[in-house]
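To start, the structure under review is shown below, and the notes come after it.
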Amino acid sequence: MPPRRPPLRPQTTTLWEYPSQQYGVGGQGSTAYRGATPAYVIWNLLERYTRPGDVVMDPFCGSGTTLDVARDLGRAGVGYDVHPTRDDIQHADARRLPQASESVDFVFADPPYGDNLNYGDDPRCIGQLPATDEAYFEALDAAFQECFRVLKNRRFMALYICDVHDKRRGFVPIGARCLALLMQYFNPIDHIAVVRHNRTLKQSNRHRAAEEGGFYLRGFNHLIIVKKQTD
Ligand SMILES: C[S@@+](CC[C@H](N)C(=O)[O-])C[C@H]1O[C@@H](n2cnc3c(N)ncnc32)[C@H](O)[C@@H]1O
């Protein structure tokens with residue numbers, strides 16, 4: 001049975017939970033795409049931080065969830081990806097975007113969490129870099145600088161990201177590292193925990209491995225909200 005979807009409501013605390021990837025009519029992104037962002041997360045952000053007609057950009061657009069939520073709310077979506085899955089997603093590296101400086105009203109970014117998923121063969125894919133490798137954080141840093149460049153002053157960016165537990169090296173605090181990277185350029189606005197409902201968490205063998213191996217499965221994603229303020 002598909003998960004029951006509660007009505008969409010603007011969130012007012014720093015703990016967000018919604019049981020499905022899409023929120024209903026029309027469809028947002030693809031439930032078949034591994035690593036799609038829950039659409040209600042983007043809906044809540046656009047409701048709070050944008051107005052109708054605003055330009056919303058996603059530099060890691062994947063199955064296009066951001067573009068669909070932008071459409072639902074009357075915002076103008078612009079999406080980029082090194083593995084574009086649809087015609088309305090432009091082929092570009094998040095570190096070198098063909099987007100004019102200060103032309104965007106809001107940025108939503110859900111980059112790869114190290115090399116946890118295989119997104120494709122493009123050698124520019126950040127998903128080919130393990131989170132234990134500093135090159136991963138250097139790549140994210142370059143993408144964050146690009147987000148800062150294209151965003152208008154006094155406008156917001158949200159980063160949706162998850163920590164990683166590596167078999168050999170243990171915990172990699174991607175969320176904390178990214179907040180520190182973003183704060184080189186942006187002002188911090190808030191930090192939200194989004195409860196995860198992915199398939200991995202439904203498998204009992206994963207829970208057994210976590211118990212026996214003395215580690216935790218990832219139960220939440222970080223949602224980090226920052227603001228560009230140059231005056
Ligand atoms: C977590 S997925 C994004 C999911 C998307 N928000 C959705 O709802 O479907 C990460 C995406 O980043 C893309 N990506 C990886 N490296 C990239 C790069 N250097 N520039 C642009 N996109 C990149 C991958 O191809 C993948 O589609």
Side-chain angles (χ1 to χ4, degrees), residues 16 18 20-24 26-46 56-73 75 77-99 104 106-131 133-150 157-164 174-175 178 181 194 196-200 218 220-225:
W16 294 9
Y18 199 86
S20 65
Q21 195 264 327
Q22 299 185 331
Y23 50 70
Q28 300 81 27
S30 167
T31 48
Y33 182 89
R34 284 194 75 202
T37 313
Y40 84 97
V41 169
I42 302 169
W43 186 91
N44 260 280
L45 292 164
L46 299 195
V56 173
M57 189 195 83
D58 186 336
F60 299 97
C61 206
S63 68
T65 313
T66 303
L67 301 184
D68 296 333
V69 178
R71 170 207 65 209
D72 290 351
L73 291 173
R75 277 60 165 167
V78 179
Y80 298 103
D81 204 293
V82 287
H83 303 112
T85 56
R86 329 188 319 195
D87 289 349
D88 56 353
I89 298 175
Q90 299 175 55
H91 197 175
D93 186 334
R95 291 163 287 188
R96 280 175 67 92
L97 295 173
Q99 179 79 33
V104 162
F106 186 80
V107 174
F108 177 78
D110 180 2
Y113 316 150
D115 59 355
N116 71 329
L117 292 177
N118 178 8
Y119 293 105
D121 294 337
D122 192 309
R124 300 168 301 172
C125 182
I126 293 172
Q128 293 179 6
L129 301 170
D133 186 338
E134 270 310 299
Y136 170 70
F137 290 103
E138 285 161 18
L140 287 183
D141 189 21
F144 298 161
Q145 288 184 54
E146 200 53 350
C147 293
F148 184 85
R149 179 184 70 78
V150 302
M157 166 177 174
L159 176 77
Y160 186 70
I161 197 96
C162 193
D163 299 322
V164 159
I174 298 183
C178 283
L181 290 176
V194 180
R196 301 188 90 200
H197 284 284
N198 57 358
R199 275 174 231 136
T200 310
R218 302 294 107 202
F220 72 93
N221 268 38
H222 300 261
L223 180 63
I224 296 168
I225 303 168

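Note that ligands are numbered from 1 as they come in the structure, with each ligand's atoms numbered from 1 the same way.
By the criterion of a heavy-atom distance under 4.0 Å, the side chain of Y33, and not its backbone, is placed next to ligand 1. By the criterion of a heavy-atom distance under 4.0 Å, the side chain of Y119, and not its backbone, is placed next to ligand 1. Heavy atoms of P59 found under 4.0 angstrom from ligand 1 belong exclusively to the backbone.
Residue contacts with ligand 1: H83 is placed with a nitrogen or oxygen under 3.5 Å of a nitrogen or oxygen of the ligand (distance criterion only). By the 3.5 Å distance cut-off applied to N or O atoms, R124 is counted among the residues near ligand 1. Taking only nitrogen or oxygen atoms, main chain and side chain alike, I126 reaches within less than 3.5 Å of ligand 1.
Closest to atom 6 (N) of ligand 1 among all protein heavy atoms lies T37 OG1, 2.7 Å. In terms of protein heavy-atom proximity, atom 4 (C) of ligand 1 is closest to G35 O, 3.3 Å. At the shortest separation from atom 8 (O) of ligand 1 among protein heavy atoms lies T65 OG1, 2.5 Å. Ranking protein heavy atoms by distance to atom 22 (N) of ligand 1, first place goes to V82 N, 3.4 Å. Looking at atom 10 (C) of ligand 1, its nearest protein heavy atom turns out to be D110 O, 3.3 Å. The shortest contact between atom 20 (N) of ligand 1 and any protein heavy atom is with A94 N, 2.8 Å. In terms of protein heavy-atom proximity, atom 11 (C) of ligand 1 is nearest to D81 OD2, 3.6 Å. Nearest to atom 5 (C) of ligand 1 among the protein's heavy atoms is C61 O, 3.5 Å.
Between Y160 and F108, the ring planes lie tilted relative to each other; the angle falls in the 30° to 60° range.
In terms of modelled atom types and a separation under 3.5 Å, the side chain of D141 and the main chain of F137 share no donor-acceptor contact. Y136 contributes a side-chain N or O that, together with a main-chain N or O of G114, makes up a donor-acceptor pair within less than 3.5 Å.
Contact analysis leaves S30 out of contact with ligand 1, as no non-hydrogen atom separation drops below 4.0 angstrom.
Remark: of the listed residues R86, Q28, Q22, R86 is the sole one forming a side chain to side chain donor-acceptor pair (under 3.5 Å) with D68.
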**Test salt bridge (Lys or Arg N to Asp or Glu O under 4.0 Å) applied to R71 and D88, step by step** = CA-CA 12 Å; R71 170 207 65 209; D88 56 353; over 6 Å; no

